[in-house]
Amino acid sequence: MSYIDNILFVLILAAGFGYFARNIKKLIRNIKLGRDIDRTDNPKERWANMTRIALGQSKMVRRPVAGILHIIVYVGFVVINIELLEIIIDGIFGTHRLFSFMGGFYNVLIGFFEILALGVIVSVAIFYIRRNIIKLWRFAHGDLKGWPKSDGNIILYFETVLMLLFLTMNAADFHLQMTGAEHYIAAGSFPISQFIEPVFSGMSEGTVIIIERAAWWMHITGILIFMNYLYFSKHLHILLAFPNTFYANLKPKGQFDNLESVTNEVKLMMDPNADPFAAPAGDAAEAPAKFGASDVQDLNWVQLMNAYTCTECGRCTSSCPANLTGKKLSPRKIMMDTRDRVEEVGRNIDANNGTFVDDGKSLLNDYITQEELWACTSCNGCVEACPVNIDPLSIIMDMRRYLVMEQSAAPTELNNMMTNVENNGAPWQYSQMDRLNWKDEA
C-alpha cells in the first residue's frame, strides 16, 4: 500500500498550521507592544457582551440586509468547516468519509452543510454586487482604496471558490456512490450537489475520481491558504472579534480615564498637609510616562487589538458627523492607519533581531494628521456603530492629549478657552468680578 498521499497530506497540514502559529505569535507580540491595561473587571458582563455581540451578531443586524447576509456567511463558513475534522482524519489515515458510521445524523449534517454552502455563495454574490457594482458609499469612500479594497474582493473570491469546491467534491462523490465505485461508500445527503451530479454522466469512472480527488485536495489546501491569509487581511476579525468584545471598555460612553500622574498632582495641591517639596517615594520617583500617545507603543494593548480586529466595514465612518460634513476625519482610517503602523513597527523589530530601532516615523503626523484628530466631535457615534465594539475615539483622544499636554499644539480657539479657564475660572474672556454685570444692563 502506498502512503505517499498520506505523507504529502501531513506535510501540507504541518506547513499550514505551522505558518499559522508563527503569524499568531507575531500578532500577539505586536499587540503586546501597547501599554498594559486592566480589563478583567466585571467578568460576567464581559462574557455576556462576547456572547451577544461576537457570537450572536447582535450589532450586525442593526442594518438588516448586511446583517442577515453576514450571519449566513458567518454561520455557513464556521459550520461547514466542521467537516474539516473528517477531512483531516481521512487525509492522515487514508480513510474516506470516516464519520459515515453516524448514519442518518451524518446524512442530515452533509445536507445541512450543502444548504449553507449555497447560502454562502448567494450572500457573497450580493456582497460583491453591493461592493463593486452598486458601489455603496462606505465601500467607495476615499479611505478604502488600494490594498484594503482588493482585500475585500479577494476574501469574496476565496469564499466562493471554497464553497464551489465543496459542492463539486460532493457531487463527484455522489456520482461515484451511485455507480458503485470501490472505496466510495453510500453516505451523506446531497440536496444541492445532486443537481451538479448529471455533469459527470458519460465520464469514465477514473475521470470522475480524478475530479473528486482534485476538488478534495484543492478544498483542504484552499482552507489552509485562507487560514494563513487571515493575518494579512481584515478577515482577522473572525478570530479577534471574541477577545475584542470581551475586553471592550465597559465604562459609560463619554467617560474618559484620568492620567494617574496628573491625578496625584491635583491631590497634592488639594491636601493642605502635603509637603510639595518632599521627594516622591517608590514608583512615584520614576519619570512620568508620556502624556497621551504619539505612536503605537503609547497606546494600550486593547487599542492595538482594536486595530487588528477592524473589519473595515465603514459603519463607523458612515456614522461620523465630521466625515459626513466633509471633514478629513474617518474613524475607519484611524483604525487602518494604526494597524499599518503596528505592522511597520513589527517589521522593524523583526529586521533588528527583536529590538525596535527608531525609524524617524510615528503614528501622529506620518499616518494620522492633526486636522483629522481635531475634526472629531467626540460624539461616540463610531463606537456605537461598530459591530465588534472597536473604539476609534479612545485613540483620537489619547493623541489629542499628547498634542495638548506634550506639545501645546491645540487649536488657537481651544488654547484661548483653556487660558480663560485658568485665569478667569470660565471659558469666557471676562474676569470673575465682571460676570454679573449683565444684571445692571437696561
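Given the structure is predicted, the values throughout are model-derived calculations rather than measurements.
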Donor + acceptor pair across side chains of [X], [Y] (<3.5 Å):
X: D151; Y: S233; value: yes
X: S362; Y: S294; value: no
X: Q303; Y: D398; value: yes
X: S330; Y: D143; value: yes
X: K328; Y: N323; value: no
X: D36; Y: N300; value: no
X: D90; Y: T95; value: yes

For the residue pair [X] and [Y], does the interplanar ring angle fall in the parallel (under 30°), tilted (30 to 60°) or perpendicular (over 60°) class?
X: Y247; Y: W301; answer: perpendicular
X: Y184; Y: H96; answer: perpendicular
X: H219; Y: F166; answer: tilted
X: F246; Y: W47; answer: perpendicular

Are [X] and [Y] side-chain neighbours, meaning at least one heavy-atom pair lies under 4.5 Å?
X: I390; Y: M335; answer: yes
X: N352; Y: F356; answer: no
X: E83; Y: I87; answer: yes
X: R347; Y: E343; answer: yes
X: V296; Y: V345; answer: yes
X: D173; Y: M169; answer: no
X: I115; Y: P191; answer: yes
X: L236; Y: T309; answer: no

With a 4.0 Å cut-off on N to O distance, would you call [X] and [Y] a salt bridge?
X: K361; Y: D366; result: no
X: R332; Y: E312; result: no
X: K290; Y: E406; result: no
X: D350; Y: R29; result: yes
X: R35; Y: D298; result: no
X: E372; Y: K333; result: yes

Between CG on residue N244 and CG on residue D391, distance to nearest 0.5 Å: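 N244 atom CG to D391 atom CG measures 10.0 Å (nearest 0.5 Å).
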Rounded distance (nearest 0.5 Å) linking atom NE2 of H183 with atom CD of Q177: 11.5 Å
ring-ring contact (aromatic ring centres under 6.0 Å, His included) between F9 and W216, worked out: CA-CA 11 Å; F9 180 83; W216 186 92; 5.6 Å; yes
Candidate list F158, Y74, F226, Y229, test ring pair (Phe, Tyr, Trp, His ring centres under 6.0 Å), partner H235, passing option: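 Among the candidates, only F226 passes.
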Heavy atoms of other groups near F105 CZ, more than 12 under 6.0 Å: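 At most 12 heavy atoms, drawn from other residues, nucleotides or ligands, come within 6.0 Å of this atom.
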Test of ring centre spacing under 6.0 Å for F190 and F174: yes
Ring centroid separation Y402 to F291 under 6.0 Å: no
Pairs where residues 129-140 contributes a residue and the test side-chain hydrogen bond (donor to acceptor under 3.5 Å, both in side chains) is met, not counting sequence neighbours: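 Residue pairs with at least one partner in residues 129-140: N132-N153.
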Derivation of the salt bridge (Lys or Arg N to Asp or Glu O under 4.0 Å) call for K251 and D257: CA-CA 10 Å; K251 293 179 181 177; D257 62 310; over 6 Å; no
